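If you're wondering where the values come from, they're calculated on a predicted model, not measured in any experiment.
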Amino acid sequence: MERPVLKAGDTPQALLWGGVIAIVKGKGQDAATEFALHTTTDRATTSEYFAARALPPSTTAGLAAPEVAKDTFTTEWTRKITSTATGSPFWQFAQNAQIEEAVAKQVQAVLVGKSKPKDAMKQAGEEAAALIKR
């Protein structure tokens, strides 16, 4: 099932997810780059990771590997969900975790009936804006 949309014809959206490998500029960056490339592109490594964790590879070649391609859940998830995944607009801010928490608290307030959606999203927006200004 694709993610719901606001209006018919809108593109479904999903937040990117999964493990992250970060390369920090400086001493050791060349070794880190080699590790990241090996971990994400070496067929044996991506296949072993998929077999152990059932998380799809991050490359087109990895997704086409027979053991991944024959997994119906993974191929359908990739087709319907991952294809519309985007990064969070909050990832660029050092206070990302606090912003996500502010939004999540307000969504929870709506879900448990403690707040009206419009009021909760206004509050979440104000809290996020204050955190971004820091």
Side-chain angles (χ1 to χ4, degrees):
M1 166 196 269
E2 290 186 353
R3 302 288 174 140
V5 294
L6 181 61
K7 298 180 300 213
D10 285 353
T11 301
Q13 297 294 305
L15 188 62
L16 290 170
W17 55 273
V20 175
I21 297 176
I23 300 168
V24 179
K25 187 174 182 179
K27 186 178 179 182
Q29 77 183 44
D30 292 339
T33 300
E34 286 181 39
F35 172 77
L37 286 171
H38 173 79
T39 303
T40 58
T41 63
D42 177 73
R43 171 74 188 285
T45 302
T46 60
S47 294
E48 186 176 314
Y49 185 79
F50 179 74
R53 304 208 46 214
L55 293 174
S58 60
T59 63
T60 303
L63 291 169
E67 62 275 12
V68 178
K70 74 179 181 183
D71 184 273
T72 303
F73 178 83
T74 298
T75 56
E76 287 299 301
W77 179 272
T78 301
R79 185 176 69 80
K80 292 181 179 178
I81 305 296
T82 305
S83 65
T84 60
T86 60
S88 169
F90 303 130
W91 287 348
Q92 65 183 307
F93 302 107
Q95 303 83 357
N96 170 55
Q98 292 88 348
I99 295 168
E100 295 283 353
E101 181 180 8
V103 173
K105 284 192 318 190
Q106 294 304 322
V107 169
Q108 174 114 8
V110 172
L111 293 174
V112 298
K114 290 188 175 184
S115 187
K116 297 205 180 293
K118 186 175 181 178
D119 297 336
M121 291 304 95
K122 182 176 187 274
Q123 178 66 31
E126 290 170 358
E127 291 179 33
L131 288 162
I132 288 169
K133 288 180 183 177
R134 284 190 190 173

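I132 and W91 are assigned to two separate hydrophobic clusters, defined by single-linkage of ILVMFWY side chains at heavy-atom distances under 4.5 Å. I81 and F50 are members of different hydrophobic clusters when ILVMFWY side chains are connected at heavy-atom separations under 4.5 Å.
Contact between T74 and P56 at its shortest, heavy atoms only, is CG2-CB, 3.7 Å. Taking every heavy atom of both residues into account, A69 and A64 meet most closely at CB-O, 4.0 Å. Listed here is the closest heavy atom pair of R43 and P66: NH2-CD, 3.0 Å. The nearest pair of heavy atoms linking P57 to L63 is O-CD2, 3.7 Å.
In this structure, the separation between CD on Q95 and CD on E100 is 12.5 Å, given to the nearest 0.5 Å.
Between the side chain of D119 and the backbone N or O of K116 there is no donor-acceptor pair closer than 3.5 Å.
A heavy-atom distance below 4.5 Å is found between the side chains of I99 and F93.
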Less than 3.5 Å apart, which donor and acceptor atoms pair up between the side chains of residues 33-40 and the rest of the protein, not counting sequence neighbours?
from: T33; atom 1: OG1; to: Q29; atom 2: O; distance (Å): 2.8
from: H38; atom 1: NE2; to: T45; atom 2: OG1; distance (Å): 3.1
from: T39; atom 1: OG1; to: F35; atom 2: O; distance (Å): 2.8
from: T40; atom 1: OG1; to: A36; atom 2: O; distance (Å): 2.8

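By the neighbour-count criterion of 12 heavy atoms within 6.0 Å, atom CD of E67 is densely surrounded, having more than that number from other residues, nucleotides or ligands. No more than 12 heavy atoms of other residues, nucleotides or ligands sit less than 6.0 Å from atom CD of Q108.
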message: Under the criterion side chain to side chain contact (heavy atoms under 4.5 Å, CB included), I'd like the reasoning laid out for T59 against T46: C-alpha separation, chi angles, the key distance, then a yes or no.
response: CA-CA 9 Å; T59 63; T46 60; 5.5 Å; no
